Amino acid sequence: MADEAKAKGNAAFSAGKFADAITHFSDAINLSPTNHVLYSNRSAAHASLGQYSDALIDAKKTVEIKPDWSKGYSRLGAAYLGLRNYKEAVESYKKGLDFDPNNEALKSGLIDAEAGLTRPEPKQSGSPFGDAFGPEMWTKLTSDPKTRGFMQQPDFVNMMKDLQRNPNNLNMYLQDPRVMQSLGVLLNINIQTTTPEEMDVGDVAERKRPAEEKKEEPVKVKETKKEPEKEEVSEEEREVRERKAEAQKEKEAGNAAYKKKEFDTAIQHYSKAIELDDSDISFVTNRAAVYLEMGKYEECIQDCDKAVERGRELRSDYKMVARALTRKGTALVKMAKTSKDFEPAIEAFQKALTEHRNPDTLKKLNDAEKAKKDLEQQEYFDPELADEEREKGNELFKQQKYPEAIKQYTEALRRNPKDHKVYSNRAACYTKLGALPEGLKDAEKCIELDPTFAKGYTRKGAAQFLMKDYDKALETYQEGLKHDARNQELLDGVRRCVDQINRTGRGDLSPEELKERQAKAMQDPEIQNILSDPVMRQVLVDLQENPKASQDHMKNPAVMSKIQKLISSGIVQMK
């Protein structure tokens, strides 16, 4: 199925298995060759592997099938950008913005494409590492398993953006083992280094940490490259970098305090980090997580809103923005007292899922929607009003206005969903209107709520009788008599069922009635099981050909019961 193959492709893409994603999307396209989304997804997978020519082919197919879909032009622009065809990339992004002027991905892509148009060709005398930080840098880092995880760490992304703008700044970051690891991937050389793990405090409980931190090993480079010349930096630049480094130290101190549940101390460190560097929204989302743990939900929401707003300004990782929105939704759920209070929380979770489809966020959304529905039911619960609605339904029933009566009974059940009498009354309305499956369902609910209520059995038996399930109707009436042995409606029901069963046994049915009865019986799983039983098939043969053997069979109560069911259904006729 195309949807199944597409789902597998999406899962593989999310896991960074782009080659597998391409295979699955290709399978889906073979099954649904006119689905523009599949070509768009495969284009993204090709681009993630740096296969921009293939990405361009799929992107062109996407806009060919769906020329008014903005995302198709986003894929087209990305493919042209990867091929360094900046002019076509600019045109593609602009065309996409004609259809969706507020699309952030298109806006961001257009900025990159226009920058490529105006960017001068790299000079031979520049940094020997300049080419490593070219347009294909992000694709290589995302595709390699050694560096893929770094892409979720905002401080790392900001460092790489700085290096892409000015490769000569590399000396400032060589002490960061992530940068060295990335440089090895970009230059295709083997650089051995340890990798620090980025921590988001909201996920501390879900992660396992080593008991002791290992000392960082010195960086070892197997292949030597010419060291770039040190660049003189201005006092202002040096100060900015020092503030960023200090902010990271404050964040680490905040993380440590959070793990020890020293929340006030953690707040102080995160606040200092925010003061030192407002370009990393992880400081704000971490502080929001602490406020959430402390039960300071208003402060948490304020920080989440701040992180989302600032994140959009900085074009931060969409997962970080999604995380802030999820935390906001969680705080709103904690504050909710009425069903209406859940609406902004649900909206926050939905927005988070548009940024990043995280399973945990999806579960939180489903839980919030269920809690809202349950609370709505509790708020609507009013037994007195339910009784009034039921009485209105009874009056309409007496006037034979059955559809109107059903509406009143339904409203009564909304007010009090545990009133078995209302289910009984609505079952009677459905039966009068010939809606027998609905009547049967209500009668069964009535019996479930009060197994001793005789009227529930008469409603259920009546629906089954009209559906010509005489055996089942008889069992229902007999079950009801166990609770009210003198109930005349139940006794009359038993008599009617027995008469119908005997008519069938005697062969008193017309050919049309017999044919209808047999067709209905053949759809009954119980009848099907009897007829497929080898022992019962032999019994049926003996009934026709070996009277003496058939008499022996009749002495067996289980066999006799099954034969009686076949007689009642019209499958077997006794003459």
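These figures come from a predicted structure and were not determined experimentally.
A salt bridge links D367 with K363: the closest approach of a Lys/Arg side-chain nitrogen to an acidic carboxylate oxygen falls below 4.0 angstrom. One finds no salt bridge joining K373 and E376 here, because no Lys/Arg side-chain nitrogen approaches an Asp/Glu carboxylate oxygen to under 4.0 Å. The pair K351-E355 fails the salt-bridge criterion, with no side-chain N (NZ, NE, NH1 or NH2) lying under 4.0 Å from an Asp/Glu carboxylate O. Using a 4.0 Å cut-off between charged side-chain N and carboxylate O, K472 and E475 make no salt bridge. Ion pairing of D533 with R537 is absent here, as no side-chain N (NZ or NE/NH1/NH2) approaches a carboxylate O to less than 4.0 Å. Ion pairing between D305 and K328 holds under the 4.0 Å rule for side-chain N and carboxylate O. The residues E404 and K407 are annotated as not salt-bridged, no charged nitrogen and carboxylate oxygen being separated by less than 4.0 angstrom. A salt bridge links K398 to E395: at least one charged side-chain nitrogen sits closer than 4.0 Å to a carboxylate oxygen.
Between E489 and K455, the closest side-chain pair of non-hydrogen atoms falls below 4.5 Å. For the pair D382/N416, no side-chain contact is recorded, criterion being any heavy-atom separation below 4.5 Å from C-beta on. D387 is listed as a side-chain neighbour of D419, based on a closest heavy-atom distance under 4.5 Å. Within the 4.5 Å cutoff, side-chain heavy atoms of R390 are placed close to those of N394. Between D471 and E526 the shortest side-chain heavy-atom distance does not fall below 4.5 Å. You'll find the side chain of K460 reaches within 4.5 Å of the side chain of E444, heavy atoms only. In this structure, L474 and V498 have side chains that are in contact, with non-hydrogen atoms separated by less than 4.5 Å. In this structure, the side chains of L466 and T431 come closer than 4.5 Å at one or more pairs of heavy atoms.
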Applying side chain to side chain contact (heavy atoms under 4.5 Å, CB included), run through N425 and R459 and close with a yes or a no.
-> CA-CA 9 Å; N425 292 359; R459 302 296 191 211; 4.2 Å; yes
Would you sort out whether I346 and E369 count as a side chain to side chain contact (heavy atoms under 4.5 Å, CB included), showing the intermediate values?
-> CA-CA 7 Å; I346 289 169; E369 289 175 335; 3.8 Å; yes
Where do R323 and T285 land on the side-chain hydrogen bond (donor to acceptor under 3.5 Å, both in side chains) test, with the steps shown first?
-> CA-CA 8 Å; R323 182 177 293 157; T285 58; 5.4 Å; no
Please walk me through it: do V321 and R312 pass side chain to side chain contact (heavy atoms under 4.5 Å, CB included)?
-> CA-CA 8 Å; V321 175; R312 297 202 190 286; 4.1 Å; yes
May I have the step-by-step check of side chain to side chain contact (heavy atoms under 4.5 Å, CB included) for R75 and N41, ending in yes or no?
-> CA-CA 9 Å; R75 301 295 191 215; N41 289 2; 4.3 Å; yes
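Residue S339 comes nearest to K372 through the heavy atom pair O-CG, 3.5 Å, listed as atom of the first residue, atom of the second, then distance. The two residues A473 and G461 have their closest heavy-atom pair at CB-O, 3.6 Å. What you find for Y39 and P33 is that their closest heavy atoms are OH-O, 3.0 Å. Here the closest non-hydrogen pair linking A324 and A307 is CB-CB, 4.0 Å. Taking both residues in full, the closest heavy atoms of Y297 and K334 are given as CZ-CB, 3.4 Å, listed atom of the first, atom of the second, then distance. For K6 against F25, the heavy-atom pair with the smallest separation is O-CE2, 3.7 Å.
Of the possible polar contacts, none joining the D317 side chain to the M320 backbone as a donor-acceptor pair under 3.5 Å is found. At least one donor-acceptor pair under 3.5 Å links the side chain of T23 to the backbone N or O of A19. With R415 contributing its side chain and Y380 its backbone, the two residues share a donor-acceptor pair below 3.5 Å. A donor-acceptor contact shorter than 3.5 Å is absent between the side chain of H24 and the backbone of A7.
Pairs of residues two or more places apart, or lying in two chains, that qualify as ring pair (Phe, Tyr, Trp, His ring centres under 6.0 Å) and include a residue from residues 401-436 are F397-Y402, H420-F453.
Here K337 contributes atom NZ and L375 contributes atom CG; the two are 12.0 Å apart, rounded to the nearest 0.5 Å. To the nearest 0.5 Å, the span separating OG1 on T330 from CD1 on I301 amounts to 10.0 Å. Rounding to the nearest 0.5 angstrom, the gap separating the OG atom in S424 from the CG atom in D442 is 9.0 Å. Expressed to the nearest 0.5 Å, how far OG1 of T458 lies from CG of L491 amounts to 12.0 Å. Rounding to the nearest 0.5 angstrom, the gap separating the NZ atom in K432 from the CD1 atom in I406 is 12.5 Å. Going from atom CG of L481 over to atom CZ of R486 covers 12.5 Å, rounded to the nearest 0.5 Å.
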Contacts table for residues 61-70: side-chain donor-acceptor under 3.5 angstrom, sequence neighbours left out:
residue	atom	partner	partner atom	Å
T62	OG1	S40	N	3.2
T62	OG1	D58	O	2.8

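Under a cut-off of 6.0 angstrom, the local environment of CD in E343 is crowded, with over 12 non-hydrogen atoms contributed by other residues, nucleotides or ligands. Counted within 6.0 Å of CZ on R357, heavy atoms from surrounding residues, nucleotides or ligands total 12 or fewer; the atom is thus considered open. Atom CD of E384 sits in a sparse spot, with 12 or fewer heavy atoms from other residues, nucleotides or ligands closer than 6.0 Å.
With 3.5 Å as the limit, one finds a donor-acceptor pair spanning the side chains of D341 and T338. A donor atom on one side chain and an acceptor atom on the other are not found under 3.5 Å apart for D374 and Q378.
When ring centroids are compared, Y477 and Y457 stay outside the 6.0 Å threshold.
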